[in-house]
Trainee: 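There's a structure below that I have some questions on.
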Amino acid sequence: MNLHKIMIIYRKEMLDLLRDRRTVITSFVLPVILYPLLMIGFSSMLSRQEHVLEKQEMTIYINNQVMDESSLLIEKELEKLETFQIMEPINLFEKANYLPLVEDNSIQALIEIRDSLSTNGYLVYITTVSYNRSDDKSTLAYEKITNALKNVEFDLVGERLQKIKINREILNAVDIKEENVAPPEKMVGFALGKFLPYLLIILTISGASVIASDLVAGEKERGTLETILVSAARRNELVVGKYLTIITISLLTVLLNLFSMYISFTYILSQAGEVATKLQLPLGNFALILVLMLPLITLFSAILLSISTYSRNIKEAQSYQMPLIFGSIMLSMVSFLPGFELNFGFALIPIVNFSLLIRDIMLSNYNIQYLFLIIGYTILLDIIVIAISIKLFNSESVLFRTAEEKSLKFWGKGKKDIFSTQFVMLVFFILLLGLFYIGGSWQSKDIMSGLIKSEIFIILLPVIFILRISKTNIKSTLRLNKTNPLNFLLALVAAIPALIVVAVLGQLINLVFPISESYVEGMKNLLTASDGGFWYSILVIGVLAGICEETLFRGYIINGFKKLGFWKSIIISGVLFGIFHLDPFRLIPASLLGMWMGYLLLQTNSIFVPMFAHFINNSLTIVITTYGDKIPVLKTLATADIIPYWYIFPAGLIVYLVYLVVEKINPKIEINEL
Amino acid sequence: MIEVKNLTKIFLQKNGEELFAVNDLSFIVQKGEIVVLLGVNGAGKTTCMRMLSTVLKPNSGTATVEGFDILKQSQQVRANLGYLSGDTGLYSRLTARETITYFGRLYDVDEPKIKSRILEMADLLDMHNFLDKKIDLLSTGMKQKVSIARSIVHDPPVMIFDEPTAGLDILTAKNIVNFIHNCKENGKCVLFSTHIMREAERIADRIVMIHEGKILAEGSWDDLRTATQLHDLDDIFIHFVNNSSREVNDESA
Ligand SMILES: Nc1ncnc2c1ncn2[C@@H]1O[C@H](COP(=O)(O)OP(=O)(O)O)[C@@H](O)[C@H]1O
Ligand SMILES: [Mg+2]
């Protein structure tokens, strides 16, 4: 390898890219103007909104059922509040009629004053304030009202004490003073640390991906690749020259972004007044992160370069980049999750390691050993991926793959196109996004009805829609076929052993990547959260999920990979099934179950068998979490941590026997008949 | 000099069958000689030339370029070779001069030499008035001239042109053909491919006719005319194609 040659290539690529207006705008101009605009806009919007809220008229209703001197004092105190409008009282007050007004924000609060006698003979004015927590205005009204009420209480208590000749000083027994020990940098670090990893990773990968796809796949598309391949430059010189180009541009992008972000933040803080001027951004930490970003950038660049080399054209490169970008963003979000601490296991997961380390650095609370471990480890990965790139660059079957015209014309007659790998992956990612954003918001409102909606609208109906619109034969595609009834029995027999195998593997994973307590609690709540009771959960999580998810994964998605053969299509669709659970801890167990289901499908040629197995598996989980402690056999399974490891052998053996029998009793299908 | 010995290239097709894109090809191109590879689309011309330029590896057989083996000494082969194919592109954001300079550097030509080569080729190919324009703004003919210049900026002894005139107007095509003649007079060894009979006639010292990866016939036009007793170029070509398919039929019978 000749450094001089590499520099020639590097300089030419840089010149070429810097003349591309698109690159310059997205990589350099955008970060420079984006942050100032974003932050200034955001902060002025925020302060204006607070102002506006502060000045807005608020309407409240007071129902005073006491009407004595003191209670009228309360009313008067509330009337004194600026911007408060008191609704005219009516004769026959019905609370139930007024609550909806609060709910739909036509009034901001409803106050009821009643009295009761305390044990020592004094009157207590029980004041109920009904307000709408999900509305900013109503919440503000509530705060103002409670402050006013505290003032009244102060006065009334003072009066009472005076009557019995006691100095009110006596009430000051415990004086609470707030003192936040977190230094200001640390608070900023805490806030920034959460979203900085995520932001940096998106920035790096999105900037690098555009350039990378252009550098090799783009050259193939424009027919310039062959001209440099026949030149006197060596392949590894070409790869390294291009590699350095991607690194340079991404590094510049990240640098500009960080710099612009830093300046904008500092500006905002300086504008924010006295308290905030003390807040300083931890500059040293920013510098360390920048150094840390270098190996990450090189890794991304190397992966993206390999993808670009493998692809026939830019479009193809972009479709391969999509899962990478999406996965990286998901993994980078680990810094938002509480309870995740960097340990040896996490240090070995790319992106997760950076996300957690950057967060710790922003908190000025990081482990230097992990820092070096992560850097060294990433450089190792780097070298591996670059070697792959060079290998690809030397492979003629990769460089001269003839472009096939494969369009997604599934609106027309092309029947096979909806089963092309690319289209299937596209559908998968769209549904994944839908599940994440739409399904997530449905489920956060109400978990059960959200689940039902997600299963039907995000998982089942899109598949039916795609099959209908492409006029595909639904029965044969989904394999709604009859099968040997024995298969169902076998699926049932395998259910508990399969669950044990997965649970033991989960335990092993847990040794390396400890699951946080709060997470386990949350999972348990989901599986036992049966508003409608046990049978309702079985119906939703068992039956409905079984039908819908099997239709998507075993009915549709697996077909996109059948070109790759029996086992590969099972494995890939299984892993996609795992990813679909949007949960790092269930990735491996769910993938394994997905593969088992995929095997049952292809071997029995009937979707009803995996549907049944899915139903049994999910239902068993519910049974275990709900009744686990009461049924002796299931007890060990229910208390997750204490399954003896040796259980995996008999359980695995049973699953293997079932596998053999299933293979035996079902007719062999040819691969291309799949 | 180019020496091709039993060169064979097999592609695996989608349906799993093997395609002999180049099948046991042998021929020689001498110094100061223009040899034309003549064949219809899909005959295997590009595949053959790509193997000579070392970007594809043969399944069997080999070849030498200026005495360097395409398998064992690929680096030296490329350094001694100017290779141009009709469908290659150029970097649209660079100027003609920058493009040629870049390739000159890749071929280890020193800066003063690059400058003088650019002027020399600009004279011969009539490129002076667009040397400093971005490639984006050039016409197809102008681009092809830049392509030629960039492929032989290092003044290689061996030149391979794969259908370089495809899609060009007659004036530019003529200019390019003249340029190639000029190269020959300077003692270069030129392998040129085309599927156009008349172009082959005009430029060739010798013809290597190939069809479905195999050599149909080889020799000067006069040799071929004498052998077939035909005059028209197209007729001669068709004669050889028919002959070869008859042989195949005989073999299978
Ligand atoms: N990379 C490739 N993969 C598979 N088949 C190829 C590839 N390149 C060329 N072929 C096939 O090899 C045969 C010869 O092609 P080519 O050498 O391009 O012919 P020509 O240049 O004479 O038109 C054609 O049938 C073509 O389809
Ligand atoms: Mg060709």
Side-chain angles (χ1 to χ4, degrees), chain A residues 1-24 214-215 217-238 241-242 245 313-314 393-406 563 671-672, chain B residues 9 11-16 19 21 46-47 49-59 65 74-95 98-99 101-109 111 134-136 143 146-147 150-151 153-154 156 160 162:
Chain A
M1 225 187 297
N2 177 335
L3 190 67
H4 177 65
K5 275 284 171 61
I6 293 175
M7 288 320 288
I8 292 172
I9 295 159
Y10 172 74
R11 279 209 308 272
K12 178 254 151 195
E13 297 294 2
M14 287 299 289
L15 175 72
D16 198 10
L17 274 175
L18 292 180
R19 280 195 188 154
D20 182 11
R21 208 169 296 150
R22 212 178 27 158
T23 312
V24 173
D214 203 65
L215 276 182
E219 289 221 30
K220 284 190 197 177
E221 195 173 305
R222 293 185 291 268
T224 52
L225 189 66
E226 205 179 341
T227 66
I228 50 171
L229 292 180
V230 300
S231 79
R234 290 188 169 82
R235 300 287 163 92
N236 47 14
E237 292 161 355
L238 291 169
K242 284 171 182 292
T245 311
N313 50 43
I314 294 182
F393 231 85
N394 273 306
S395 152
E396 61 180 58
S397 58
V398 167
L399 291 179
F400 291 96
R401 286 202 303 160
T402 37
E404 296 146 58
E405 292 303 321
K406 240 198 238 162
K563 290 186 285 296
I671 299 264
N672 40 6
Chain B
K9 180 72 189 178
F11 288 120
L12 208 59
Q13 284 173 308
K14 269 268 135 68
N15 56 17
L19 171 76
T46 302
T47 307
M49 291 172 144
R50 278 183 174 162
M51 283 190 282
L52 292 178
S53 71
T54 77
V55 297
L56 289 184
K57 303 243 171 326
N59 293 76
V65 171
S74 59
Q75 193 64 24
Q76 288 96 320
V77 168
R78 290 203 298 270
N80 282 287
L81 188 72
Y83 176 89
L84 171 72
S85 133
D87 53 12
T88 52
L90 291 163
Y91 300 105
S92 58
R93 289 185 290 269
L94 301 186
T95 67
E98 284 165 346
T99 306
T101 309
Y102 173 54
F103 280 90
R105 288 174 183 156
L106 286 184
Y107 282 111
D108 292 313
V109 185
E111 297 293 316
K134 292 238 178 85
I135 302 288
D136 240 353
K143 280 183 191 156
V146 179
S147 280
R150 66 121 256 269
S151 68
V153 54
H154 53 308
I160 295 183
D162 187 8

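Every chain is numbered from 1 and lettered A, B, ... according to where its sequence line falls, protein lines coming before strand lines. Computed from heavy atoms alone, side chains included, the values below leave out hydrogens, waters and symmetry copies.
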Trainee: Is it the side chain or the backbone of A/E237 that comes within 4.5 Å of chain B heavy atoms, both, or neither?
Mentor: neither
Trainee: By a 4.5 Å heavy-atom criterion (distance strictly below it), what part of B/L94 contacts chain A: side chain, backbone, both, or neither?
Mentor: both
Trainee: Can you tell me how far apart OG (B/S74) and CZ (A/R234) are? Round to the nearest 0.5 Å.
Mentor: 8.5 Å
Trainee: Answer with side chain, backbone, both or neither: which region of B/K57 has an atom nearer than 4.5 Å to a non-hydrogen atom of chain A?
Mentor: both
Trainee: What part of B/Y107 lies closer than 4.5 angstrom to a heavy atom of chain A: side chain, backbone, both or neither?
Mentor: both
Trainee: Inspect the surroundings of CZ in A/R19 and state if more than 12 heavy atoms from other residues, nucleotides or ligands are less than 6.0 Å away.
Mentor: yes
Trainee: Heavy-atom distance under 4.5 Å to chain A: side chain of B/Q76, backbone, both or neither?
Mentor: neither
Trainee: Would you indicate whether the side-chain heavy atoms of A/E396 and B/K9 approach each other to under 4.5 Å?
Mentor: yes
Trainee: Could you look at B/S53 and say if it's the side chain, the backbone, both or neither that has a heavy atom under 4.5 Å from chain A?
Mentor: both
Trainee: For a 4.5 angstrom cut-off between non-hydrogen side-chain atoms, does A/I228 reach B/Y91?
Mentor: yes
Trainee: Checking A/K12 side chain against B/Y102 main chain: does a donor-acceptor pair fall under 3.5 Å?
Mentor: no
Trainee: Name the member of A/L225, A/L15, A/D20 that forms the most heavy-atom pairs with chain B at distances under 4.5 Å.
Mentor: A/D20
Trainee: Is a side-chain donor or acceptor of B/R105 paired with a backbone partner of A/I8 at a separation under 3.5 angstrom?
Mentor: no
Trainee: Rounded to the nearest 0.5 Å, how far apart are OG of A/S231 and CG of B/D108?
Mentor: 9.5 Å
Trainee: Any non-hydrogen side-chain atom of B/R150 less than 4.5 Å from a side-chain atom of A/T227?
Mentor: yes
Trainee: Are B/R50 and A/E226 ion-paired here, with the side-chain N under 4.0 Å from a carboxylate O?
Mentor: yes
Trainee: What part of A/R222 gets closer than 4.5 Å to chain B, counting heavy atoms only: side chain, backbone, both or neither?
Mentor: backbone
Trainee: Side-chain contact, heavy-atom cut-off 4.5 Å: B/R78 with A/L229?
Mentor: no
Trainee: Where on A/I9 is there a heavy atom nearer than 4.5 Å to chain B: the side chain, the backbone, both, or neither?
Mentor: both
